[in-house]
Amino acid sequence: MMEGRPLAERIRAEVAEDVRGLGDVGLATLQVGEDPASTIYIRLKHEAAAKAGFRSVDRKLPADLSLNDLVGEVSALSEDDSIDGILLQLPLPDGVDEAAAVVAIDPPKDVDGVHPFNAGQLYLGRATLVPATPLGIMALLTEHRVELDRARAVVIGRSDIVGKPIAHLLLQANATVTICHSHTDELARHTLDADVLVVAAGVPAIVSAEMVKSGSAVVDVGINRTEAGVVGDVDPSAAERAALLTPVPGGVGPMTIAMVLQNTVRAARFRRGLLAFPQTRR
Ligand code: NAP
């Protein structure tokens, strides 16, 4: 199993060391509405941030907040000198213009890499601030020495925070990448060819053992709350065919939290001039 917790703990310890060196580092999270899963993710991020020595600010906003007010909240944090990183918990409630809210994040503070500037940098092969979940997946693959150069990689899912960015990171690592989505016919035709398979569909057991290539590395990003508890997108019996498989829970989830913290340290370095943030014209 590609366990996420031990590696995430190591990264969090390194982050704590970095925070001690940097002094006061502020991370702000914004949650709009009361989606229970988002509430859990935000709580876990704050607990981890506190342990690593960050000063964290937790803004909870009502679901019926006007777009103007939401943009105002995000802009205020963007301009607040005591805040190094801003995390706007997605998805926003139905009807809220996500794109308008996201562009109000100052790009050097965008610790989830969702601003079009940072997404564009990744697309251009100049990763600057990259979404946390794909960064965590890459760290796990590196930790387990999964060869990506010349590998065939298949990603199921094309969301802006998981599918698309992980496909770009795999491409930059010289894998040959196929992206599957809900309009892909015969998923198994693609998955059976995958040396590295990343599944981020949000559909329990969308990948069965028979769909997995023998000896492959399989990353299960899915978090699905079912009557049987939290399950991933990959049937656990896939472990019999895969050489490596991430567990759910305990695989990608802990890595995501660790990488949000690592990105916040990176943002703090950008803001202090310890790392050069690419020139933008706003
Ligand atoms: P999302 O925005 O809902 O995207 C799901 C993607 O899967 C879409 O691109 C969709 O295709 C595709 N898809 C859905 N049904 C499919 C099917 N039957 N066949 C092929 N593709 C299908 O979800 P997300 O935010 O990327 O998250 C995906 C999963 O990962 C969720 O379970 C989420 O909870 C979990 N997640 C976990 C972490 C973590 O830290 N472990 C972090 C983020 C997300 P279309 O584009 O065609 O609709």
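Throughout, residue positions are numbered sequentially from 1 according to the sequence presented. Indexing begins at 1, ligand by ligand and atom by atom, following the structure's order. Reckoned from all heavy atoms, side chains included, excluding hydrogens, waters and symmetry mates.
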If I compare all heavy atoms of A200 with all of V221, which pair ends up nearest, and what's the gap? CB-CB, 3.8 Å
Go through the structure and list residues passing salt bridge (charged side-chain N to carboxylate O under 4.0 Å, His left out) with K60, not counting sequence neighbours. D58
List in chain and number order the residues that pass side-chain contact (heavy atoms from CB on, under 4.5 Å) with A8, two or more places apart in sequence or in another chain; answer none if no residue qualifies. P254, M255, A258
Between D195 and the options R150, K213, R152, the side-chain hydrogen bond (donor to acceptor under 3.5 Å, both in side chains) test singles out K213
When you check the gap from the basic side-chain N to the acidic O, do D84 and R269 get nearer than 4.0 Å? no
Tell me every residue that passes ring pair (Phe, Tyr, Trp, His ring centres under 6.0 Å) with F117, counting only those two or more places apart in sequence or in another chain. F277
Write none if no such pair exists; otherwise list each N/O atom of ligand 1 with its protein N/O partner under 3.5 Å and the distance.
{"residue": "ligand 1", "atom": "9 (O)", "partner": "R158", "partner atom": "N", "Å": "2.8"}
{"residue": "ligand 1", "atom": "11 (O)", "partner": "S182", "partner atom": "N", "Å": "3.2"}
{"residue": "ligand 1", "atom": "21 (N)", "partner": "H181", "partner atom": "O", "Å": "3.4"}
{"residue": "ligand 1", "atom": "21 (N)", "partner": "S182", "partner atom": "N", "Å": "3.3"}
{"residue": "ligand 1", "atom": "26 (O)", "partner": "S159", "partner atom": "OG", "Å": "2.5"}
{"residue": "ligand 1", "atom": "30 (O)", "partner": "V221", "partner atom": "O", "Å": "3.4"}
{"residue": "ligand 1", "atom": "32 (O)", "partner": "I223", "partner atom": "N", "Å": "3.1"}
{"residue": "ligand 1", "atom": "32 (O)", "partner": "I223", "partner atom": "O", "Å": "3.4"}
{"residue": "ligand 1", "atom": "34 (O)", "partner": "I223", "partner atom": "O", "Å": "3.4"}
{"residue": "ligand 1", "atom": "40 (O)", "partner": "T256", "partner atom": "OG1", "Å": "2.7"}
{"residue": "ligand 1", "atom": "41 (N)", "partner": "V221", "partner atom": "O", "Å": "3.4"}
{"residue": "ligand 1", "atom": "46 (O)", "partner": "R158", "partner atom": "NE", "Å": "2.7"}
{"residue": "ligand 1", "atom": "47 (O)", "partner": "R158", "partner atom": "NE", "Å": "3.4"}
{"residue": "ligand 1", "atom": "47 (O)", "partner": "R158", "partner atom": "NH2", "Å": "2.8"}
{"residue": "ligand 1", "atom": "47 (O)", "partner": "S182", "partner atom": "N", "Å": "3.2"}
{"residue": "ligand 1", "atom": "47 (O)", "partner": "S182", "partner atom": "OG", "Å": "2.5"}

